[in-house]
Amino acid sequence: MLELSTPVQYVKGVGPRIADILAGKGIRTVGDLLYYLPFRYEDRLNPRGISELRPGEMATVIGEVRNSGLFRTRRMPIFQLTVGQGRSRLRCLWFNATYLKDKFVPGQMIALYGKVEEDQRSRELQIMQPQFEILGDSSDGSENGAAEKAAEKKAAESLEIGRIVPIYESIGQGRLTPRWFRRAIRTALDNLTPDLPEPVPAVVRARLGLISPRAALWNVHWPEPGESLHDLQSSRTPAHIRLIFDELFFVELGLELKRRQQKAQTGIAFRLDESVRTALKKILPFHPTSAQKRVLKEIAADMGKPYPMRRLLQGDVGSGKTIVGFEAAIIAIENGCQVALMAPTEILAQQHYFSARRILENAGYRIVLLTGSLEAERKREIRRHIAQGNAQLVIGTHALLEENVEFARLGLVIVDEQHRFGVMQRLKLMKKSGESSENTHVGTGAFARPAEQSSAADAGVGPGRSPSRAESREPGPAEPDVLVMTATPIPRTLALTLYGDLDLSVLDELPPGRTPIVTRCVPDDRSPEVWEFVRKQVAAGHQAYVVYPVISENEESELKAAIKMYRELSGHVFADLKVGLLHGRLDADLKDQVMRMFQKGELQILVATTVIEVGVDVPNATVMVIEHAERFGLAQLHQLRGRIGRGAAKSYCVLMTGGKITEEGQRRLDAMVRTNDGFQIAELDLELRGPGEFFGTRQAGLPSFRVANIIRDAQLLEAAKREAAAVLAGPNSEVSSEEISRALVQMRARWQLTYGLVEVG
Ligand code: ADP
Ligand code: MG
């Protein structure tokens, strides 16, 4: 009998060579193989009659090979195959397909799948480049001897005709075909142990009407007769739902557990009395918006609790997160603690440093900036200030986590503009700093150290107890609070997975007096008009950005574009104006100097690459010109546009396009012109790019799902989150402690397997 964890070699027909190919796709166990789901299904129970085909439809046709041949046109060889059903015939064509020359023999039965078209001249129906399978052929893949072939052939036929047939992606350069997978998966299912563990508690299964794991694995590959083809194609059968739910449920269970563990740790209960309130009021440079007030209240309430805060502050660009962060900092500082504020880039760290000094220094707070580009001697000095507790607010890049920084009494960590980090990355980062904290006493590392006690254990659940619990029960050093601030509005479903371990606060209101930004899209042959417009804005006392893309594949030449255009603009077009240049390759001092000059209004136009993308705040800038806007992603365009519209004056975003625009590029540009709403833009971005690409890099830190798709399965994700919380709230009359520990064992196995994160739970 096969278990899900049995190595895939034990499936009959899988030899070492095939096992190698499978391993290349991450298929190592029987479970991996069974989770290799069909990407579509063919209805070979009711295949279409050739005579009833209509141009334009996708169709499965089963017929008999009549004749085939290769003919050469001037441009390429074309392979033609004629398939018949009685008197009807259908032509299939493949371009450049000399490899098909000897593939077909008249009389063979064949299944075809593809788009039906009408030939322009003859008006006959044909299918171009269909996918095909010669039915009952067992010549591919199998490593079995010839003796077994006859019997196999018969069995194989029953998997391929007269039913809904699963179609798998071929792998190993076509060595493992859909047909191979059908047989291997069938064999694995036939020999699968009858008692698969059921890790989902009964009450959850009942609420969601989940079928058993075994039935789900069978039916997802071999649908029950009568199953709807539409439900199959859209992954909405009970079998799909069970597998998808499981995957989401155990991710959410891990996140929820993490959340509870964090709350079980000792934190600092910050006092929020009259003197702290007075200090808060003193620094405020303006009336907070009601969203800012509400969010600060949430944060302050968290900070007052005796366990560590883990909160995500989400707000569109320009919604005023910085001041909220500063206020949280004051609460900590007034309680005698230090605060670390980390930004993703040096420019941003610097900017925070300047605004912190502007806003906080008058009130007597001691602020330091610690970045990688400082001289060693200066760094040492600052470190000493931090270690001695003199520095109250320490601002730096994320490298603060890695550098050997020792705090005297770290109370709060603020992580700004974390929109490129997902939960998996964050957990890994924390794990890393957690390890280093053992010997280097990195103050910030402590907040990451995984807790040993689990909430299930708190609730008196047996297994999973770790021997170190007794020690960790003792009040250790208090964990600092953590506030993560993100600028990218994240659709709720994504927030649930990405930040499921954090509590969420949303700034959903812009500060008053902002006029909506006007966005226009123009081809770059109209640049003279654009420059004229920029000139008018500058004449009115405003400032402008002109941004060029830096695209990773060809950073060098793109950089040149920015530099070249800087020469052109500063030397000719705007020769009489003060124009600056900012890009990532400038050394830090220079960057700093340019940024400061722009901030002070000493530069009127800033030519830049996307280094200014995040966070930069110069309210007097009213124009954002983006060249080659068609090359930018939506999130990036939105971030860039977020640099303007920060003051009372009306602001303008000009998207200049050059060259060919893809259909998707056009949709991005249209969306930018249509709306300023970051949430709408994020939704569309997610739709266009898919979750993996959503955060701008492949390493988005999203859990990688095998069967789930968080866009398609948003509702299941919500259900999974709800159920995970309900299960961990037990044991009670609904969920027994045994069920909880079974679920936790499964959750740990999955997390470890998929993410290599042992410490979760
Ligand atoms: P982000 O959320 O993008 O980090 P910032 O914190 O940089 O936004 O704030 C954007 C701009 O709005 C800044 O110039 C800031 O000073 C200003 N601002 C923030 N809150 C308010 C408010 N309540 N009233 C007026 N201006 C505000
Ligand atoms: Mg900001």
Side-chain angles (χ1 to χ4, degrees), residues 280-299 311-330 341-345 347-362 393 395 397 414-420 483-490 504-517 542-543 545 595-596 598-601 610-622 624 635-651 653 676-679 681-682:
L280 282 176
K281 286 211 188 91
K282 223 162 67 187
I283 64 139
L284 270 184
F286 30 59
H287 286 293
T289 63
S290 54
Q292 283 170 323
K293 277 191 214 157
R294 185 193 64 229
V295 162
L296 181 66
K297 227 185 240 160
E298 290 166 1
I299 293 171
R311 188 168 281 276
L312 175 71
L313 171 55
Q314 190 187 328
D316 207 345
V317 278
S319 58
K321 294 181 290 292
T322 314
I323 193 74
V324 174
F326 286 164
E327 289 184 304
I330 297 220
L341 168 56
M342 302 190 294
T345 63
I347 290 188
L348 263 189
Q350 249 142 25
Q351 181 181 290
H352 278 320
Y353 178 61
F354 296 136
S355 19
R357 282 184 36 188
R358 198 174 63 233
I359 296 173
L360 304 177
E361 220 161 42
N362 284 341
L393 174 57
I395 300 179
T397 61
I414 304 174
V415 187
D416 188 24
E417 308 283 0
Q418 269 270 38
H419 66 287
R420 293 210 174 86
L483 178 66
V484 178
M485 307 201 289
T486 169
T488 308
I490 305 167
L504 184 65
S505 287
V506 182
L507 273 181
D508 48 6
E509 181 187 355
L510 293 181
R514 303 257 175 95
T515 5
I517 301 168
H542 299 304
Q543 290 163 279
Y545 298 95
M595 210 49 237
R596 214 171 322 182
F598 190 68
Q599 229 142 15
K600 285 195 202 142
T610 47
V611 284
I612 58 149
E613 175 189 350
V614 258
V616 170
D617 181 39
V618 180
N620 190 46
T622 57
M624 167 64 66
Q636 220 176 6
L637 289 173
H638 183 65
Q639 285 295 324
L640 285 169
R641 181 169 58 180
R643 297 313 108 216
I644 56 170
R646 302 188 144 236
K650 191 158 183 164
S651 290
C653 176
N676 273 306
D677 181 333
F679 280 88
I681 289 191

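As the structure lists them, so they are numbered: ligands from 1, and atoms in each ligand from 1. Every heavy atom of this structure was used, including side-chain atoms; hydrogens, water molecules and symmetry mates were not.
Judged by distance alone, with hydrogens and angles left aside, the side-chain atoms of K321 form a donor-acceptor pair with the main-chain N or O of G315 at under 3.5 Å. Looking only at distances, no side-chain donor or acceptor of E298 sits under 3.5 Å from a matching main-chain atom of S505. Under the 3.5 Å distance criterion, the side-chain polar atoms of R294 are matched with a main-chain donor or acceptor of V506. Proximity of a side-chain donor or acceptor of D316 to a complementary backbone N or O of G678 within less than 3.5 Å is detected. Side-chain N or O atoms of D416 include none that pairs as donor or acceptor with a backbone N or O of T322 at under 3.5 Å.
Across I395, L341, L348, a single residue satisfies side chain to side chain contact (heavy atoms under 4.5 Å, CB included) together with Y353, and that is I395.
For ligand 1, the atoms closer than 4.0 angstrom to any heavy atom of T322 are 4 (O), 5 (P), 6 (O), 7 (O). The contact set between ligand 1 and P619, taken as ligand atoms under 4.0 Å from a residue heavy atom, comprises 14 (O). Applying the 4.0 Å criterion to heavy atoms of T289 picks out, from ligand 1, the atoms 23 (N). Atoms of ligand 1 found under 4.0 Å from any heavy atom of H287 (numbered from 1 in listed order, with element): 22 (C), 23 (N), 24 (N). If you number the atoms of ligand 1 from 1 as listed, the ones under 4.0 Å from a heavy atom of S319 come out as 2 (O), 8 (O). Below 4.0 Å from some heavy atom of P511 lie the following atoms of ligand 1, by number and element: 18 (N), 19 (C), 20 (N), 21 (C), 22 (C), 24 (N), 25 (C), 26 (N), 27 (C).
Taking the six-membered ring for Trp and thresholds of 30 and 60 degrees, Y545 and F598 have ring planes inclined between 30 and 60 degrees apart.
Contact between G315 and ligand 1 is absent, with no heavy atom of the residue lying under 4.0 Å from the ligand.
Of the inter-residue distances, the one linking M485 atom CE with L312 atom CG reads 10.5 Å to the nearest 0.5 angstrom.
Only the backbone of P288 comes within 4.0 Å of ligand 1, counting heavy atoms alone; no side-chain atom from C-beta on gets that close. If you look at M485 next to ligand 1, there are no close heavy atoms at all, none under 4.0 Å. Residue K321 touches ligand 1 through backbone and side chain together, judged by heavy-atom distances below 4.0 Å.
An N or O contact shorter than 3.5 Å links G320 to ligand 1 by distance.
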